[in-house]
Amino acid sequence: MTTVHSPVNGRVVGLPAVPDPVFSQAMVGPGAAVDPARGPQVAVAPIAGRLVKLHPHAYIVVGDDGRGVLTHLGVDTVKLRGAGFELLVVEGDLVTAGQPVVAWHPHAVDEEGYSPVCPVIALDAGPESVSGVVSGPVEAGDPLFDWH
């Protein structure tokens, strides 16, 4: 079992609340979503592993067991072309769960007209693979769900 941690401070809203069908319908995998607090934030690694993909708005960490977790900082935020995001690590780095990855400001994402809701996805997993999704407020690094 892998415990996946919240990458940001905020409130767990669940994937159906993500305003993008790719995430809300779990097309890329099951998981959870967090509506981030609107102050400046540092998004952290949801699991320990290698940072195999790193963009200002999204990143994938793959653990030693081969499981990959995608963290997407907002919806359609790729259109911001990195504005408002600061990378704190380098693609290929080994990271620990809870290690800072990207500094960003969810309120600025809101101001640009995009949703700052953050999907956290267990890649290549079946819907029955995820359980124990927490509800309510979370802090970055808190357990978010279990991947069996």
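Hydrogens, waters and symmetry mates are skipped; everything else that's a heavy atom, side chains included, is used. What you see is a predicted model; the values in this text were computed from it and never measured.
- Within the 3.5 Å criterion, the main-chain N or O of Ala108 finds no donor-acceptor partner in the side chain of Glu112.
- Residues Val109 and Ser115 are not in side-chain contact: their nearest non-hydrogen atoms beyond the backbone lie 4.5 Å or more apart.
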Per-pair distances, 0.1 Å, donor-acceptor, side chain in residues 130-148, under 3.5 Å, sequence neighbours excluded:
residue, atom, partner, partner atom, Å
Ser131, OG, His148, NE2, 2.5
Asp142, OD2, Glu139, N, 2.8
Asp146, OD1, Thr3, OG1, 3.1

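- For the atom pair CZ of Arg67 and CE of Met1, the computed distance is 9.5 Å after rounding to the nearest 0.5 Å.
- Counting heavy atoms from C-beta on, the side chains of Val42 and Val102 never come closer than 4.5 Å.
- Nearest heavy-atom pair across Pro36 and Val8 is CB-CG2, 4.1 Å.
- In this view, His55 and His57 satisfy the ring-ring contact (aromatic ring centres under 6.0 Å, His included) rule, not counting sequence neighbours.
- Cluster membership for Val95 and Leu87, using ILVMFWY side-chain heavy atoms within less than 4.5 angstrom, is shared.
- The two residues Gly126 and Pro30 come nearest to each other via the heavy atoms O-CG, 3.4 Å.
- Side-chain N or O atoms of Ser24 include one that pairs as donor or acceptor with a backbone N or O of Asp20 at under 3.5 Å.
- For Arg38 and Asp110, the salt-bridge test passes: some basic side-chain N is under 4.0 Å from an acidic carboxylate O.
- Two residues are said to be in side-chain contact when any heavy atoms from C-beta on lie closer than 4.5 Å; His72 and Cys118 fail this criterion.
- For the atom pair Leu51 CG and Tyr59 OH, the distance stands at 8.5 Å (nearest 0.5 Å).
- Looking at heavy atoms from C-beta onward, Arg50 lies in side-chain contact with Leu94 at the 4.5 angstrom threshold.
- Remark: the backbone N or O of Thr96 is paired with a side-chain donor or acceptor of Gln99 at under 3.5 angstrom.
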Worked check of side-chain contact (heavy atoms from CB on, under 4.5 Å) between Leu73 and Thr71: CA-CA 6 Å; Leu73 302 175; Thr71 299; 4.0 Å; yes
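- Within the 4.5 Å cutoff, side-chain heavy atoms of Glu86 are placed close to those of Leu88.
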Val44 vs His5, side-chain contact (heavy atoms from CB on, under 4.5 Å): CA-CA, chis, key distance, verdict: CA-CA 9 Å; Val44 303; His5 302 269; 5.9 Å; no
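- Residues Val13, Leu15, Val18, Val22, Phe23, Met27, Val28, Val52, Ile60, Val62, Leu70, Val75, Ile121, Leu123 make up the rest of the hydrophobic cluster containing Val117, defined by ILVMFWY side-chain heavy atoms closer than 4.5 Å, directly or through other members.
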